[in-house]
Amino acid sequence: MEELNDQYLQRRKKLDDLKAQNVDPYPNKFVATFNSVRIRQQFGHLQQEAEDPTVVVLAGRIMTMRLMGKACFANLKDASGRIQIYVRKDKIGETEYALFKTLDMGDIIGVEGMVFCTRTGELTIMVQKFTLLSKALRPLPEKWHGLKDIETRYRQRYVDLIANDEVADIFRVRSKAIKTMRRILDEKDFLEVETPMMQPLAGGAAAKPFITHHNALDIDLYLRIAPELYLKRLIVGGLERVYEINRNFRNEGISTRHNPEFTMIELYQAYADYNQVMDLCRELITAVVKECTGKLEVEYQGNNLSFDGDWKRMTLLEAVKEYAGVDFITPKTMGETKKIATDLNVQFTDQDTQYKIINTIFEECVEKKLVQPTFICDYPTELSPLAKNAKGNPDIVERFELFIGAQELANAYSELNDPLEQRKRMEQQLKQRERGDEEAQMLDEDYLRALEHGMPPCGGLGIGIDRLIMVITNSASIRDVILFPQMRPENV
RNA sequence: GGGCCGUUAGCUCAAUGGUAGAGCAGAUCCCUCUUAAGGAUAAGGUUGGAGGUUCGAGUCCUCUACGGCCCA
């Protein structure tokens with residue numbers, strides 16, 4: 001434990017004094033009849049200096065105190081907002097008032113009293129009785145500037161939430177966004193399911209997994225990088241429409257847009273293809289934007305994003321042509337491709353295929369320009385081992401990714417349901433893995449067995465929830481939309 | 001992994017290489033419509049850590065920890 005400062009010691013002394021006076025500083029419960037927002041709703045009409053005889057009871061944390069001799073104004077904060085209280089010696093009596101004066105900012109109290117409106121027009125509770133509900137031993141951050149230090153804000157999110165009112169708003173939006181998606185999918189008869197987080201094979205995406213160990217079984221398990229292969233097993237099983245909202249884990253770097261654990265919604269719809277999934281994707285995101293912001297325009301990091309109407313749709317090669325200025329629609333030789341990449345300062349290895357290099361050009365030169373919602377379609381087969389080929393074109397799959405604010409937000413395809421083709425693709429992946437590509441996928445025999453039982457045609461979609469929340473809350477860093485982002489451990 | 005920036009009182013921030021300061025919070029006192037309440041007094045620091053240069057280091061150098069931003 002760090003060294004105790006003067007303020008901590010002061011509060012410890014007050015705590016001891018309270019106990020000596022038989023005041024319980026941590027009582028078991030308190031029944032409130034109101035919260036701050038309901039008080040505003042019910043009594044907001046009160047004119048200046050008017051009062052209402054209704055007795056209200058509410059609880060909250062003392063955020064500010066203005067002590068004036070025999071009377072004190074304070075502000076309480078609860079989950080719904082802040083409300084002013086007014087405590088007067090002549091109303092609560094000498095002993096109680098003396099006790100009130102020993103309270104500190106940060107203490108949690110319950111109050112009972114009547115609502116009135118001050119001369120300056122602020123709705124206030126005239127306290128008749130108060131109860132200490134929890135003594136705070138640590139001081140609050142600066143009341144005007146709040147808690148600014150980014151490291152402390154992430155490490156001690158509880159202090160961040162107490163001191164900076166707008167932080168909770170982000171997480172209310174997050175909750176609302178997820179509820180909206182659930183509601184829409186439930187209306188469409190999707191079944192919400194839970195599939196393993198610990199998997200014997202980490203499949204469904206190109207990413208490095210975390211490894212853990214099960215002692216009783218004495219086997220290594222991977223934290224999942226995606227739920228895809230399990231959800232599609234459920235499609236084989238006949239559930240037809242399933243979705244899961246949960247964490248994925250990827251053992252990669254941490255940045256403003258990557259957290260090792262992040263939240264995805266994945267959904268699969270039997271008998272649909274990627275075009276239908278594209279409509280569903282747009283419907284979901286549009287509804288979330290509308291529900292959370294009230295409009296279809298969003299200000300994101302200096303750009304005005306419009307979610308109204310149809311969203312731009314282009315193929316990968318069209319996007320590379322338009323935004324990187326290089327035309328791969330007319331076929332190029334490998335030599336030409338490498339020269340173009342070199343000219344664009346895009347790095348590649350000798351083992352990279354042509355499409356791999358084009359994809360890298362896309363990632364480096366195009367993604368950052370995809371600010372407005374844009375569907376990129378028709379990905380190369382070799383980079384999409386779980387997606388179904390476009391009709392009559394073995395090089396291209398029916399797949400799209402959605403980009404918003406220069407970030408990949410969603411990924412979807414018509415799911416590959418040909419078990420023999422899938423085996424071939426997984427064997428190719430395995431070869432790449434053996435050549436040292438750590439992100440190439442593993443061969444999952446049980447998944448192939450499932451496909452051999454017959455999976456209906458199916459469209460699948462994954463949406464990165466954290467990034468979606470970043471967009472609708474105009475957050476620059478993924479850490480601002482994750483309550484407890486991953487940090488290097490501190491020395492406490 | 002590389003580059004740049006940051007780390008000073010509980011919090012928010014100052015301080016040409018020359019006595020580490022302010023506001024808020026805390027303490028004591030005054031104050032019954034304040035709201036960043038006000039007034040008075042006193043107190044609060046191993047300047048992230050370890051070395052080095054210097055008569056003298058918060059400031060310059062090296063290493064290191066943590067964080068931020070950018071690049072890979």
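When reading the values below, keep in mind they use all heavy atoms of this one structure, side chains included, and skip hydrogens, waters and symmetry mates. Each chain gets a letter, A, B and so on, in the order its sequence line appears, and its residues count up from 1.
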Task: Rounded interatomic separation in angstrom, taking CD from A:Gln347 and C1' from B:rG2 - done: 13 Å
Open item on the list: From C-beta outward on A:Asp90, which listed nucleotide comes closest to its side chain: B:rU32, B:rA27, B:rA25?
Closed with: B:rU32
- [ ] Please determine, for B:rA57, whether a Watson-Crick or G-U wobble partner exists with both distances under 3.5 Å, and give it or none.
- [x] none
Task: Assigned partner base of B:rG6, Watson-Crick or wobble definition, under 3.5 Å - done: B:rC66
[atom1] gap between [N] and [M], integer Å:
| N | M | atom1 | result |
| --- | --- | --- | --- |
| B:rU53 | B:rA14 | C1' | 27 Å |
| B:rC69 | B:rA15 | P | 24 Å |
| B:rG67 | B:rG17 | C1' | 28 Å |

Open item on the list: So, applying side chain to side chain donor-acceptor pair (under 3.5 Å) with A:Asn304, which one of A:Glu297, A:Gln372, A:Glu299 is it?
Closed with: A:Glu297
Is there a donor and acceptor pair, one atom on the side chain of [X] and one on the base of [N], closer than 3.5 Å?
| X | N | value |
| --- | --- | --- |
| A:Glu151 | B:rU7 | no |
| A:Thr118 | B:rU34 | yes |
| A:Gln7 | B:rA25 | yes |

- [ ] Assign each of A:Arg155 and A:Cys117 to its nearest nucleotide of RNA chain B by heavy atoms, then name whichever residue's nucleotide is nearer the 5' end.
- [x] A:Cys117
